J.: 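Below are the structure tokens for one structure; questions will follow.
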Amino acid sequence: MTELPKAYEPTVVEEKWQTRWMQEGCFHADPQSTKPAYSIVIPPPNVTGVLHMGHVLNNTIQDILARRARQEGKEVLWLPGTDHAGIATQARVEKELAKETPPRTRYDVGREDFVNMVWEWKEKHGGIIIKQLKKLGCSCDWERERFTMDNIFAPEVARAFAELFKQGLIYRGRRMVNWDPVLLTALSDEEVIMTPAKSKLYTIRYKLADGSGQLLVSTTRPETIMADVAVAVNPKDPRFAHLIGKTVIRPLVETEIPIIADEHVEIDFGTGALKITPAHDRTDFEVGMKNHLEIIDVLTADGHINCPDCPELHGLDRFVAREKSIEIIEAKGLLEKVEDYENNVGISQRSDVPIEPRLSMQWFLKYPCVKEAAEAVANGDIVFRPAHWAKTYAHWLEGIQDWCISRQLWWGHRIPVWYRKEKATALQEATKLDVEDAAAGDIYVGVEPPADPENWVQDEDALDTWFSSWLWPFATMDDECRAKFYPTSDLVTGPDIIFFWVARMIMAGYRFADGKPFSNVFFTSIVRDLQGRKMSKSLGNSPDPLDLIARYGADGLRFGLMRIAPTGTDVKFDEKQIEEGKNFANKLYNAARFRMMQGEAGTDPAPRFTAVHIDILAKLKELHTNVADAFAKYEFNTYTQALYSFFWNEYCSLFLEAVKNDLRDGADTAVRNATLYTIDIVLRHYLALLAPIMPHIAEELWQSLGFATRNGGQPLMLTELPKADALLAGLDDIAIAKARATATALYESANRARNLKAEYNLATNRKVRFILKPVAPLDTDTCARLALLAGALSADADASFEAPKGTPTTLTPFGELFLPLEGLVDVDAERSRISKELEKITKEITKSQAKLGNASFVDRAPAAVVDQERARLSEWENRKAQLESMLAALV
RNA sequence: GCACGGGUAGCUCAGUGGUAGAGCGGCUGUCUUACACACAGUUGGUCAGGGGUUCAAAUCCCUUCCCGUGUACCA
């Protein structure tokens with residue numbers, strides 16, 4: 001037994017159990033089980049993704065929930081999978097193409113071949129993250145792994161599209177969208193991040209066509225002046241009332257454009273006059289429509305100027321053109337001023353470049369079941385944790401806009417719409433297409449291609465990736481599975497995708513499945529670095545979880561992270577915390593090793609349990625309760641902390657240290673056995689409670705301590721949680737309370753004794769003899785344990801002990817404890833030590849006396865509080881007297 | 001601008017009316033027989049500032065400042 005290594009080595013153990021669990025089908029969910037169901041669907045990571053700390057946090061929580069649910073006797077489905085991630089994956093393969101010699105683009109390859117290339121890439125390199133999740137110990141049902149483009153999921157996406165189309169909620173229209181000029185696709189509003197930018201505000205003179213003056217107009221985008229079709233002023237603005245209806249000369253590609261009135265213009269902002277450029281600004285577009293203005297588009301899809309009438313700018317990049325246009329305007333003498341200006345610019349979440357408002361033909365969705373989705377969260381049918389996210393959610397739903405679901409990509413679900421060949425061009429240029437056009441027979445929408453494909457042309461666009469992910473909670477399940485496991489129990493995800501994913505899944509659940517997709521949503525915190533910055537590749541501040549697993553073990557990583565992950569705020573990641581997780585695993589391992597070194601417990605008919613035994617079992621019972629409470633509230637840090645402090649502080653530092661002598665040779669068998677029984681009970685319960693968070697080491701020790709053998713070899717993973725009720729079942733509350741009081745007094749006395757030794761600079765291992773003058777009769781067992789805990793040869797009770805003057809002493813719950821020493825140390829040092837403590841105590845006494853002298857306090861505070869204060873004061877006064885006599889004895 | 005979250009020991013964080021806590025770090029001892037990934041002791045705090053309610057405030061209320069997040073935008 002003793003040949004076990006001194007330090008825990010997680011790597012081998014973790015791999016061993018991951019393999020065994022999977023071989024034995026421990027993660028597999030049985031839809032026909034009669035047990036109550038518990039289910040989670042994984043937030044599918046991008047198939048291109050690699051594991052980062054956010055995933056670790058998120059999936060550890062899911063694993064904890066799943067494993068705990070299994071212990072509670074539930075049939076658990078944790079359904080894994082990956083997301084095809086349209087833009088990211090396509091970009092990945094395009095990057096490969098660009099590296100070839102000569103470099104190629106997807107257009108060189110052609111759509112069909114390109115999509116095949118992406119599939120090949122996916123088969124070869126995709127899903128690394130799945131392997132990584134396995135290394136973390138995730139107990140997903142890997143036999144049910146799904147992919148958002150697999151041949152079961154994909155038809156569901158098309159079906160959803162077709163149904164919504166037929167319902168009139170999906171339409172195709174020519175509208176202003178967020179255009180990414182690098183990726184050359186439209187994006188949804190959610191994919192645009194408004195970012196403060198240091199810009200310039202240019203004020204430009206627009207001359208009145210009749211020569212009667214000029215109008216000053218401010219803009220941040222002078223490169224679009226050629227697309228101005230009007231200048232607008234507020235109708236209530238007296239400064240400009242007389243100008244409405246006149247015309248000004250557009251400064252670039254000079255022509256007359258009207259001055260119009262529109263309430264959208266803020267009187268107080270800038271000059272009070274606004275250039276109207278409907279093709280390149282969302283609100284200008286609205287103003288343009290309202291006033292029936294022309295739309296002049298002067299930008300290409302990739303953000304270059306397209307304006308042959310302005311040869312100096314034509315073909316230039318939009319930002320180069322901005323500078324150049326100002327040069328031209330200045331040369332014309334039309335530049336009034338340039339100011340620094342901070343405004344918000346929409347940045348593409350995907351490519352990090354400013355998006356361009358662009359008029360284009362796209363597919364849009366009017367969200368279904370918005371009302372049901374809002375109510376479900378408002379009335380608590382779906383519970384958000386932390387609760388404050390419900391407000392964010394509600395706010396978004398209130399101002400919800402139609403969702404632009406088409407993307408100009410090739411990798412993804414192609415829009416299941418076909419146009420009749422001879423009319424295809426005309427149809428695709430129509431300003432709006434909807435269900436009525438389908439009724440006319442010119443367009444076909446369906447899951448399967450039309451029966452006569454040669455007569456049809458399919459829409460070129462693909463769907464937004466989130467248009468498939470929003471079906472994830474049910475489109476991943478077959479009917480049998482859905483009957484058992486839908487709606488799912490918990491969803492664990494980051495608050496950053498509350499709109500992208502969570503809200504949309506709720507709507508989809510109500511629209512396509514049997515209602516809500518999940519009952520609880522747990523929003524994790526965001527993992528930041530120690531400076532509080534988000535972890536990102538570009539900052540290089542994101543540790544590699546696999547590296548952390550290699551150095552600290554998956555269990556160490558999980559435990560360390562959970563211990564610092566608060567609910568409701570962000571986590572600042574500190575590798576030290578992970579090291580603590582590893583240290584904890586080592587502590588656990590060694591405590592188990594200590595037990596293994598003792599051999600089997602005998603079969604004693606009357607094991608003699610003492611106060612410390614009962615005390616630790618009572619604490620174990622409390623731990624059960626605390627853990628259950630923490631789970632009920634989804635407080636994973638509380639759960640982890642409770643496990644940590646019970647084991648390290650209560651079990652190892654107090655209990656084990658107090659019982660070590662029971663295990664030595666020659667110890668009383670009845671006590672020895674009581675101790676071994678207690679240790680076994682504690683470890684058995686504890687490992688079960690710990691298993692959800694540190695599954696590998698818990699399972700390993702469960703096996704090596706022989707708990708599995710006693711249970712027919714069944715792994716801990718499949719073992720139900722031991723019942724807390726059975727603990728201390730034979731004892732009444734009074735006996736328990738009495739034993740616990742004795743144990744508490746013992747531990748407190750041991751602390752005092754150790755303090756006393758330390759104060760006199762005696763080494764921890766210095767064998768001294770204490771003498772206790774007890775206030776009540778004390779048994780020898782307790783005295784012996786006190787001596788052991790205090791690192792002393794003895795701590796015998798002697799009611800008649802008369803301490804020589806100057807004997808160091810301290811007050812313990814058992815009575816005065818003396819440390820008789822010969823040749824007492826430095827008198828000066830001793831005097832100053834006592835004086836210091838006296839000073840401190842006197843201060844406390846003054847404070848306490850003032851409090852008790854306050855009539856309001858005594859009258860109005862609860863009696864218990866007042867009593868407590870009195871007890872405290874009397875204790876201090878006793879100690880003060882003691883110190884004073886010690887001081888006197890020194891002279 | 002609006003909304004939400006946060007500011008407690010050197011660091012990471014607990015603590016929602018009753019003596020300010022944990023772990024790590026620092027310092028001092030100890031290789032005491034499960035564990036030096038350890039043990040024992042110890043040092044650290046005008047609980048962001050100000051005001052209020054209360055016998056009693058880190059905790060409740062008001063206010064200011066700082067950090068973070070979301071959201072809306074005016075060129």
Side-chain angles (χ1 to χ4, degrees), chain A residues 2 4 6-8 194 201-203 217-221 232 264-277 281 283-284 341 343-344 386 388-389 391-392 395-396 399 495-496 498-499 525-526 528 530 532-534 552 556 563-566 568-574 576-577 579-598 637-638 641 644-645 648-649 652-653 656-657 660 663-664 750-751 754-755 757-759 761-767 788-791 844 847-848 851 854-862 864-866 868-869 872:
Chain A
T2 41
L4 282 169
K6 279 182 143 193
Y8 176 59
M194 297 307 283
L201 185 65
Y202 303 97
T203 302
V217 175
S218 294
T219 181
T220 52
R221 301 208 58 190
H264 169 72
V265 181
E266 295 275 332
I267 296 174
D268 299 332
F269 187 88
T271 62
L274 170 64
K275 81 189 191 75
I276 301 298
T277 320
D281 184 278
T283 49
D284 287 10
Y341 184 65
N343 63 343
N344 286 327
H388 68 255
W389 290 110
K391 204 164 177 175
T392 307
H395 184 245
W396 183 72
D496 48 334
I498 187 166
F499 310 136
S525 25
I526 290 172
R528 300 177 174 278
L530 282 173
R533 301 173 304 180
K534 245 181 180 166
Y552 303 112
R563 212 163 146 235
I564 52 165
T569 49
D570 296 342
V571 199
K572 280 191 200 156
F573 179 78
D574 187 349
K576 279 225 157 66
Q577 305 290 335
E579 196 181 339
E580 277 184 50
K582 180 196 172 188
N583 293 350
F584 182 68
N586 190 57
K587 184 78 179 173
L588 192 68
Y589 167 82
N590 274 292
R593 195 164 68 98
F594 176 68
R595 171 63 190 88
M596 288 176 228
M597 288 163 71
Q598 311 306 325
N637 53 343
T638 310
Q641 187 54 39
Y644 183 94
S645 68
W648 203 305
N649 304 332
C652 291
S653 296
L656 275 189
E657 294 304 329
K660 271 185 176 168
L663 304 171
R664 302 232 158 130
N751 276 341
R754 287 197 284 233
N755 284 347
K757 266 174 85 174
E759 276 169 20
N761 290 321
L762 301 172
T764 327
N765 60 351
R766 170 86 169 265
K767 297 296 178 196
L788 176 65
L789 286 166
E844 293 293 347
K847 229 167 95 183
S848 188
K851 207 167 173 184
N854 180 346
S856 305
F857 172 70
V858 178
D859 295 346
R860 301 179 64 170
V865 173
V866 178
Q868 204 183 5
E869 190 64 40
R872 206 178 293 148

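Letters A, B, ... are given to chains in the order of the sequence lines, protein chains preceding strands, and every chain is numbered from 1. Predicted model, so just to flag it, every value in this text is computed and none were measured.
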J.: Can you check the L656(A) CG to C39(B) C1' distance for me, whole Å?
T.: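 Rounded to whole Å, this separation is 13 Å.
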J.: Taking any strand in view, what nucleotide pairs with U53(B) in a Watson-Crick or G-U wobble way, both distances under 3.5 Å?
T.: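 Base-paired to nothing in any strand shown.
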J.: Select base, sugar-phosphate, or nothing to describe what V858(A) touches, counting heavy atoms under 4.0 Å on all strands.
T.: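 Nothing, no nucleic acid heavy atom in range.
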J.: For G17(B), give its Watson-Crick or G-U wobble partner with both distances under 3.5 Å, or none.
T.: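 WC or wobble partner does not exist here.
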J.: Hey, is E869(A) close enough to R872(A) for a salt bridge, meaning N to O under 4.0 Å?
T.: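 Salt bridge: yes.
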J.: Could you please name the option among C74(B), U12(B), A14(B) that lies closest to any side-chain atom of N637(A)?
T.: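 In terms of side-chain proximity for N637(A), the closest of C74(B), U12(B), A14(B) is A14(B).
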J.: Whole angstroms only, please: what is the NZ-C1' distance between K851(A) and C55(B)?
T.: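 Roughly 9 Å, once rounded to whole Å.
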J.: Which whole number of Å gives the distance between the P atom of C74(B) and that of C11(B)?
T.: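 These two P atoms come out 42 Å apart once rounded.
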J.: Is the base of A34(B) touched by the side chain of E657(A) through a donor-acceptor pair closer than 3.5 angstrom?
T.: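 Per atom types, the contact qualifies.
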J.: Using whole Å, what does the distance between atom P of nucleotide C24(B) and atom CG of D574(A) come to?
T.: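 Taking atom P of C24(B) as the reference, CG of D574(A) is at 13 Å.
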J.: Look at the side chain of K587(A) and the base of C35(B), then say whether one donor and one acceptor between them are separated by less than 3.5 Å.
T.: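 Side chain to base: pair present.
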J.: Set out, line by line, the N/O atom pairs under 3.5 Å between protein and nucleotides 2-4 of chain B.
T.:
unit_1, atom_1, unit_2, atom_2, d
C4(B), OP1, K391(A), NZ, 3.2

J.: How are the rings of Y589(A) and Y8(A) set relative to one another: parallel (under 30°), tilted (30 to 60°) or perpendicular (over 60°)?
T.: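 Tilted, since the angle between the ring planes falls between 30° and 60°.
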J.: Write out a two-atom table: protein N or O, nucleotide N or O from nucleotides 28-33 of chain B, distance below 3.5 Å.
T.:
unit_1, atom_1, unit_2, atom_2, d
G29(B), N2, T764(A), OG1, 3.2

J.: Any side-chain N or O of N583(A) below 4.0 angstrom from OP1/OP2 of A38(B)?
T.: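 Answer yes for this pair, as a side-chain N or O of N583(A) is under 4.0 Å from OP1 or OP2.
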J.: How is P862(A) classified with respect to the nucleic acid when contacts are heavy atoms under 4.0 Å: base, sugar-phosphate, or nothing?
T.: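 Touches a base.
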J.: Roughly how many Å apart are G26(B) and G21(B), using the P atom of each and rounding to a whole number?
T.: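 One P to the other, the span is 23 Å.
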J.: What does C4(B) pair with, Watson-Crick or G-U, if both distances are under 3.5 Å?
T.: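 Per the H-bond distance test, G68(B).
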J.: Using the P atom in both, what is the distance from U12(B) to G50(B), to the nearest Å?
T.: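 These two P atoms come out 23 Å apart once rounded.
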J.: Determine the Euclidean distance between corresponding P atoms of U59(B) and U42(B); express it in Å to zero decimal places.
T.: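 Their P atoms lie roughly 30 Å apart.
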J.: Tell me which nucleotide among A40(B), G23(B), C37(B) gets nearest to the side chain of Y644(A).
T.: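 The listed nucleotide nearest to Y644(A)'s side chain is G23(B).
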J.: Does R754(A) reach a base, just sugar-phosphate, or nothing at all? Heavy atoms under 4.0 Å.
T.: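 The answer is sugar-phosphate, as R754(A) gets under 4.0 Å only of primed atoms, P, OP1 or OP2.
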J.: Starting at the 5' end of RNA chain B and moving along, which residue's nearest nucleotide shows up first, A273(A) or K576(A)?
T.: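 By nearest-heavy-atom nucleotide position, the 5'-most residue is K576(A).
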J.: Using a heavy-atom cut-off of 4.0 Å across all strands, would you classify R528(A) as base, sugar-phosphate, or nothing?
T.: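 Sugar-phosphate: the residue R528(A), judged by heavy atoms under 4.0 Å, touches backbone atoms but no base.
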J.: Classify Y202(A) by what it touches in the nucleic acid, base, sugar-phosphate, or nothing, heavy-atom distance under 4.0 Å.
T.: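 Counting heavy atoms under 4.0 Å across all strands, no contact is made by Y202(A).
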J.: When the C1' atoms of U28(B) and G18(B) are compared, how many Å lie between them, rounded to an integer?
T.: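 The same atom, C1', in both gives a distance of 35 Å.
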J.: Give the rounded distance in Å between these two atoms: OH of Y589(A) and P of A34(B).
T.: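 Checked: the OH to P distance equals 14 Å.
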J.: Applying a 3.5 Å limit to both distances, which nucleotide forms a Watson-Crick or G-U wobble pair with G10(B)?
T.: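 G10(B) is paired, partner C24(B).
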J.: Quantified in whole Å, what is the C1' atom distance between nucleotide A14(B) and nucleotide A22(B)?
T.: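 Comparing C1' positions in A14(B) and A22(B) gives a spacing of 7 Å.
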J.: What is the distance from CE of M194(A) to C1' of C74(B), rounded to the nearest Å?
T.: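 M194(A) atom CE is separated from C74(B) atom C1' by 12 Å.
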J.: When you check the glycosidic angle of G44(B), does it come out syn, meaning within 90° of 0, or anti?
T.: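 G44(B): syn.
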J.: Using atom C1' of each nucleotide, how far apart are G51(B) and G15(B) to the nearest Å?
T.: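 It comes out at 25 Å once rounded to the nearest Å.
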J.: What nucleic acid atoms does E266(A) come within less than 4.0 Å of, heavy atoms only: base, sugar-phosphate, or nothing?
T.: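 Base, at least one base heavy atom under 4.0 Å.
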J.: What heavy-atom pair brings K660(A) and L788(A) nearest, and what distance separates the two atoms?
T.: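 Closest heavy-atom pair between K660(A) and L788(A): N-CD2, 4.0 Å.
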J.: More 5' along RNA chain B: T638(A) or S856(A), using each one's nearest nucleotide?
T.: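 With T638(A) and S856(A) compared, the 5'-side residue is T638(A).
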J.: Please report the distance, rounded to the nearest Å, between CG in L788(A) and P in C39(B).
T.: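 After rounding, the gap between these two atoms is 16 Å.
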J.: Counting only Watson-Crick pairs (N1-N3 plus N6-O4 or O6-N4) and G-U wobbles (N1-O2, O6-N3), all under 3.5 Å, who is the partner of C35(B)?
T.: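 Pairing partner, where one exists within any strand: none, as none qualifies.
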J.: May I ask you to verify if any side-chain N or O of W648(A) is less than 4.0 angstrom from the OP1 or OP2 atom of C39(B)?
T.: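 Yes, within the criterion.
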J.: Nearest whole angstrom, please: distance from the P of G18(B) to the CZ of F857(A).
T.: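 It is 12 Å, rounded to the nearest whole Å.
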J.: Measure from the side chain of H264(A), starting at C-beta and using heavy atoms only, and say which of U12(B), C74(B), G68(B) lies closest.
T.: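 Ranking U12(B), C74(B), G68(B) by closest atom to the H264(A) side chain puts C74(B) first.
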J.: Using the P atoms only, state how far G6(B) lies from G23(B), rounded to an integer number of Å.
T.: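 My reading of the P atoms in G23(B) and G6(B) gives 25 Å.
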J.: Report the distance from atom NE2 of H395(A) to atom C1' of A72(B), rounded to the nearest whole Å.
T.: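 Roughly 8 Å, once rounded to whole Å.
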